[in-house]
Amino acid sequence: MTYRIPFNRPCLEGKEYEYIAQAIANGHASGDGPFTRKCHEFLQRELGVPRVLLTTSCTDALEMTALLLDCGPEDEVIVPSFTFVSTANAFALRGARLVFADIRPDTLNIDESRLESLITSQTKAIVVVHYAGVACDMEPIRSIAALHGVRVVEDNAHGLFSRYQGRYTGTFGCLATQSFHETKNFTCGEGGALIINDTDLLERALVLREKGTNRSRFFRGEVDKYTWVDLGSSYLPSDLLAAFLYAQLEAKESIQEKRRRIWDRYYESLGEWAENSEVRLPVIPSDCEQAYHMFYILLPSAQIRASLIAHLKAQSILSVFHYTPLHLSEAGRRFAARPSECPVTEDVSERLLRLPFYNDLSEAEQDRVIGSVTGYRVGSLSQVAG
Ligand SMILES: Cc1ncc(COP(=O)(O)O)c(C=O)c1O
């Protein structure tokens, strides 16, 4: 079914085709060409991080992370249950056992107050997800991790350019991962990046990303031929994708401004309806500057959510729910170190609904969504004209 207002629509910012043509004219369409370098430099400069490496997806950046941390069957890795499968799967692929953490009911981020109880002598890493581009409470998380000698990794798929206490997310963990999938603020269809804050991990990251070879040392003139030196895979994207992405990154201010306006309009226009309907809107702690990645609402029940989805669908508007709890999934149970209790995750995943959100969502389209949502009477499970 084609929706009049889809949940997401890939949006051009202006120079994407021009840069792709340039990438072809450059004669370097494979990985690590001129546009990949431009993306690396842009992100390093903007975020103030030592090194960024584009990858083919956030999933691949997470897989590189698991390899770089030498995760194996002896290790446990703490991940939120309320996240995308890749956050956990990347570590399960290396044989590590997963420990699923519950989330806070306000930000839906990993509940730092329960982290310590999940740490054992086998814990190697805590992977945090800045859900909806709102930062986790990194101060206590980092203190707990430091106390127990555990690495912190940020799955920052949603959170590029969000801040915690004035500092960008993606700069706190030894490694952080970004996504440029088509649903993200900045996209090239499928893409990602690994942010390397611990520079001791850099040289090996370059090898892993280049199929386990020391190709980057060859290009730096440090060896006279390159060869197989370690495990690895092909994690680097074509320069054509980097060209598309660079056009998006260059439009950072305008993309973020458009998304801020859309988010604020949803928040302001749905406030009264939410209050009268026992619907909860997103919570942004005062020390967080969010990334304006998505707009979700928390409905009173799964039944009401299904009914609202149907109500919006009848008006050709696509709204979608999000993660299902990983600790209850078939693979989650198989790869868990032990069973977990994650009641908040279970509750939230049944009630959360995401509204259409993309850079070019027009005011008229958004008005239609807002009118349809506020025209839905939650209390009686019935609908009035939207
Ligand atoms: C939190 C989180 N991590 C990782 C991913 C995977 O990203 P990608 O599609 O770039 O592999 C997603 C996907 O949306 C995600 O939501």
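Atoms within each ligand, like the ligands themselves, are counted from 1 in listed order. These numbers come from a predicted model, not from an experiment.
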message: Quick check on side-chain hydrogen bond (donor to acceptor under 3.5 Å, both in side chains): which of Q290, E154, H293, H158 does H130 satisfy it with?
response: E154
query: Going by distance only, is there an N or O of D155 that falls short of 3.5 Å from an N or O of ligand 1?
result: yes
message: I'd like to check whether K184 has a polar contact with ligand 1, where a contact means an N/O of the residue lying under 3.5 Å from an N/O of the ligand.
response: yes
field: Nearest heavy-atom neighbours spanning I262 and Q366
entry: O-NE2, 2.8 Å
task: Using distance alone, determine whether A157 and ligand 1 share an N or O pair under 3.5 Å.
output: no
message: One residue to check: T59. Relative to ligand 1, which of side chain, backbone, both or neither has a non-hydrogen atom less than 4.0 Å away?
response: both
field: Per-residue contact class, F82 against ligand 1 - non-hydrogen pairs under 4.0 Å
entry: neither
query: For ligand 1, which atoms sit closer than 4.0 Å to a heavy atom of S57?
result: 10 (O), 11 (O)
- prompt: Closest approach of R305 and L352, non-hydrogen atoms and distance?
  reply: NH1-O, 2.8 Å
task: Would you confirm whether the ring centroid of Y131 sits within less than 6.0 angstrom of the ring centroid of H322?
output: yes
query: V134 and side chain to side chain contact (heavy atoms under 4.5 Å, CB included): which partner among S162, P282, P285?
result: P285
- prompt: Under 4.0 Å from any heavy atom of C58, which atoms of ligand 1 are there?
  reply: 4 (C), 6 (C), 7 (O), 8 (P), 10 (O), 11 (O)
Considering only distance and modelled atom types, tabulate donor-acceptor pairs under 3.5 Å from the side chains of residues 60-69, sequence neighbours left out.
{"residue": "D60", "atom": "OD2", "partner": "T56", "partner atom": "OG1", "Å": "2.3"}
{"residue": "T65", "atom": "OG1", "partner": "A61", "partner atom": "O", "Å": "2.8"}

- prompt: Centroid-to-centroid, F186 to F180, below 6.0 Å?
  reply: no
field: Nearest neighbour in protein (non-hydrogen) for atom 10 (O) of ligand 1
entry: S179 OG, 2.7 Å
- request: Give the numbers and elements of all ligand 1 atoms closer than 4.0 Å to a heavy atom of V129.
  value: 1 (C)
Shortest protein contact, atom 15 (C) of ligand 1 (heavy atom only): F84 CB, 3.4 Å
- prompt: Which atoms of ligand 1 are found less than 4.0 Å from any heavy atom of G191?
  reply: 10 (O)
message: Using a 3.5 Å cut-off on N or O atoms only, is H158 in polar contact with ligand 1?
response: yes
Short side-chain to backbone donor-acceptor contact, S233 and Y235, under 3.5 Å: no
Sub-3.5 Å N/O-N/O distance, S86 and ligand 1: no
Electrostatic pair E41:R45 at N-O distance under 4.0 angstrom: no
message: Show the atoms of ligand 1 that are less than 4.0 angstrom away from any heavy atom in T83.
response: 1 (C)
message: How far is atom 16 (O) of ligand 1 from the closest protein heavy atom, and which atom is that?
response: Y323 OH, 2.6 Å
F172 six-ring face occupied by R167 cation (under 6.0 Å, within 45°): yes
- prompt: Can you check whether H322 has an N/O within less than 3.5 Å of an N/O in ligand 1?
  reply: no
